[in-house]
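Reviewing the structure listed below.
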2 protein chains.
Amino acid sequence: MGMARRPARKPRDQYHHGDLRAALIHAALRRIQRDGVAGLTLRGVGEDLGVSRTALYRHFADKSALLATVAAQGFMTLRATLVAAWEQAGKGRRGFEAMGQAYVRFAITNPSYYRVMFGGALEGLARDPELEREGAAAFQVLVDALVEQQRARLVRADEPLQLARFIWAIVHGIAMLAIDGLLPPDNVAVDSLARFAMERLRSGIDPGR
Amino acid sequence: MGMARRPARKPRDQYHHGDLRAALIHAALRRIQRDGVAGLTLRGVGEDLGVSRTALYRHFADKSALLATVAAQGFMTLRATLVAAWEQAGKGRRGFEAMGQAYVRFAITNPSYYRVMFGGALEGLARDPELEREGAAAFQVLVDALVEQQRARLVRADEPLQLARFIWAIVHGIAMLAIDGLLPPDNVAVDSLARFAMERLRSGIDPGR
DNA sequence: ACCTGAACACCGTTCAAGT
DNA sequence: ACCTGAACACCGTTCAAGT
């Protein structure tokens with residue numbers, strides 16, 4: 001009984017070591033990335049973790065609560081990605097364009113993830129408050145970047161919220177069309193569309209003179 | 001045996017009168033509008049029609065084939081809506097703006113319908129050829145309207161396809177955000193955003209001078 | 001507190017059988 | 001040809017029971 005701290009043996013069905021909740025989220029995300037949202041089953045994540053298929057109900061009210069948590073994490077990651085792109089490209093016009101590109105890239109890199117974040121899977125469902133909060137925080141990054149550009153006279157003085165929604169719709173629209181296979185399927189084409197969009201967004205589609 | 005043409009009695013389980021297929025599509029659409037895509041069950045549409053729940057397999061390969069047909073019909077309706085808006089507003093700049101408004105209104109008026117039309121429900125699925133065709137036809141309306149405006153020097157001479165994808169992304173983005181409850185939930189606000197978008201689309205977001 | 005196993009009420013789909 | 005009914009292999013969720 002000397003080396004007491006080290007357990008004699010740990011059978012592989014030992015995810016109760018403290019954070020089954022985190023493990024469930026992680027396993028769910030992996031399943032989603034592999035099989036899509038429709039392929040996510042509670043029984044499946046239970047198996048992955050060597051845990052009963054009902055163990056999850058100790059940590060989440062139901063399947064949609066688990067999905068909401070996954071989505072909230074997605075928005076955290078997205079926000080970090082956007083901030084990084086904006087700052088690394090030196091803010092301003094270049095930074096803003098980089099942010100737009102980063103948004104679309106995030107979506108096409110994690111299509112199932114992105115789909116969970118936006119209504120598709122939670123259609124008509126009561127939205128989770130944490131999810132609301134993280135979504136709002138990600139949106140705020142865009143608003144802040146716009147206001148900063150307005151102060152520097154890089155963007156016209158429209159109502160920032162309306163402007164932000166408009167631009168969000170553009171990148172979200174490109175992202176969704178790409179994910180749903182309605183754009184030429186190579187990433188280069190999507191990238192090029194995103195770049196084109198950020199450019200036309202600046203100057204508009206009216207003729208040159 | 002005189003009045004031979006009129007059947008003696010027709011029990012209400014008589015949808016086999018010739019077009020069960022059309023009846024199935026219609027019933028599916030009604031279910032989707034009432035309960036959302038997730039609420040659509042083959043057993044349910046069978047019940048609605050007083051028909052066995054497997055009768056449908058005579059007319060569709062599976063559930064996703066039924067959904068694809070519903071979606072294709074949706075694109076037909078959307079195309080008609082767009083053409084009507086474009087022509088009734090006299091084409092040109094005004095017509096184009098009306099078309100954008102009509103697109104977004106179609107989506108928020110038929111949210112579940114719209115969701116079936118775009119990947120959400122068919123995620124990762126082989127796409128139906130008829131669906132492809134109808135989707136492409138609806139898109140073509142937008143391309144044509146753009147080319148016509150380019151000829152009239154109302155729109156700058158960019159690559160029409162790229163331009164069309166950009167503008168499609170805008171209205172699709174607004175539509176999806178609205179449907180998924182990520183915009184202020186009143187239709188007036190969505191309308192106002194759509195109008196703002198069509199305007200900024202023209203002039204861009206760069207400062208006035 | 002945390003987890004299990006059986007049970008329940010649902011699904012989509014297949015298939016032999018009826019007309 | 002077209003439809004039925006039973007059966008199969010799945011679901012999410014509940015709940016009494018174990019530790």
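Scope of the values below: all heavy atoms of this structure, side chains included, with no hydrogens, waters or symmetry mates. Protein chains get the first letters and strands the later ones, always in sequence-line order, with residue 1 at the start of each.
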### Task
Would you list the pairs meeting salt bridge (charged side-chain N to carboxylate O under 4.0 Å, His left out) in which at least one residue belongs to residues 163-176 of chain A, sequence neighbours left out?
none

### Task
Using whole Å, report how far NZ of Lys63(A) lies from P of dG12(D).
4 Å

### Summary
Those residues at least two apart in sequence (or on a different chain) that pass side chain to side chain contact (heavy atoms under 4.5 Å, CB included) with Thr77(A) are Thr81(A), Phe106(A), Tyr113(A)

### Query
Tell me: CZ of Phe60(B) to P of dC2(D), nearest whole Å?
13 Å

### Task
Measure the distance from CZ on Arg53(B) to P on dA6(D) and round it to the nearest whole Å.
9 Å

### Task
Please evaluate the base of dG12(C) for a donor-acceptor partner in the side chain of Arg43(B) within a cut-off of under 3.5 Å?
yes

### Message
Using side-chain heavy atoms (C-beta onward) and a distance below 4.5 Å, is Arg202(A) in contact with Val155(A)?
### Response
yes

### Query
What's the closest nucleotide to the Leu20(A) side chain, out of dT13(D), dG12(C), dC3(C)?
dC3(C)

### Query
Base, sugar-phosphate alone, or nothing: which one does Leu40(A) contact when heavy atoms must sit under 4.0 Å apart?
sugar-phosphate

### Those residues that, when tested against Asp144(A), pass salt bridge (Lys or Arg N to Asp or Glu O under 4.0 Å) (two or more places apart)
none

### Shortest side-chain distance from Thr41(B), nucleotide among dT13(C), dC3(C), dG12(C)
dG12(C)

Sort me out a list of protein N/O and nucleotides 15-19 of chain C N/O pairs below 3.5 Å, or just none if empty.
none

#### Entry: Sequence-distant partners of Phe139(A), ring-ring contact (aromatic ring centres under 6.0 Å, His included), two or more places apart
Trp168(A)

### Task
Would you kindly give the CG-to-P distance between Leu49(A) and dT4(C), to the nearest whole Å?
11 Å

#### Entry: Integer-rounded Å distance: dC11(C) C1' and Leu66(B) CG
15 Å

### Query
Could you state the CG-P distance from Asp19(B) to dA1(D), rounded to the nearest angstrom?
18 Å

### Query
Is there any ring pair (Phe, Tyr, Trp, His ring centres under 6.0 Å) pair reaching into residues 49-79 of chain A, and which pairs are they, with sequence neighbours excluded?
Phe75(A)-Phe118(A)

### Message
For Ala84(A), give me all partners under side chain to side chain contact (heavy atoms under 4.5 Å, CB included), at least two apart in sequence or on another chain.
### Response
Gln88(A)

### Query
Applying salt bridge (charged side-chain N to carboxylate O under 4.0 Å, His left out), which residue pairs with at least one partner in residues 61-86 of chain A are found, sequence neighbours left out?
Arg79(A)-Glu134(A)

#### Entry: Whole-Å gap separating C1' (dT14(D)) and CG (Asp62(A))
13 Å

### Task
Mind calculating the distance between CG (Leu56(B)) and P (dT14(C)) to the nearest angstrom?
11 Å

### Candidate nucleotides dT13(C), dA7(C), dG5(C), ranked by approach to the side chain of Ser52(A) - the nearest
dG5(C)

## Note on the structure
Dot-bracket for DNA chain D, 5' to 3', Watson-Crick and G-U pairs with both distances under 3.5 Å, [ ] for crossing pairs, | for partner on another strand, reads ||.|||||...|||||.||

### Query
Salt bridge or not for Asp158(A) and Arg156(A), using N-O below 4.0 Å?
yes

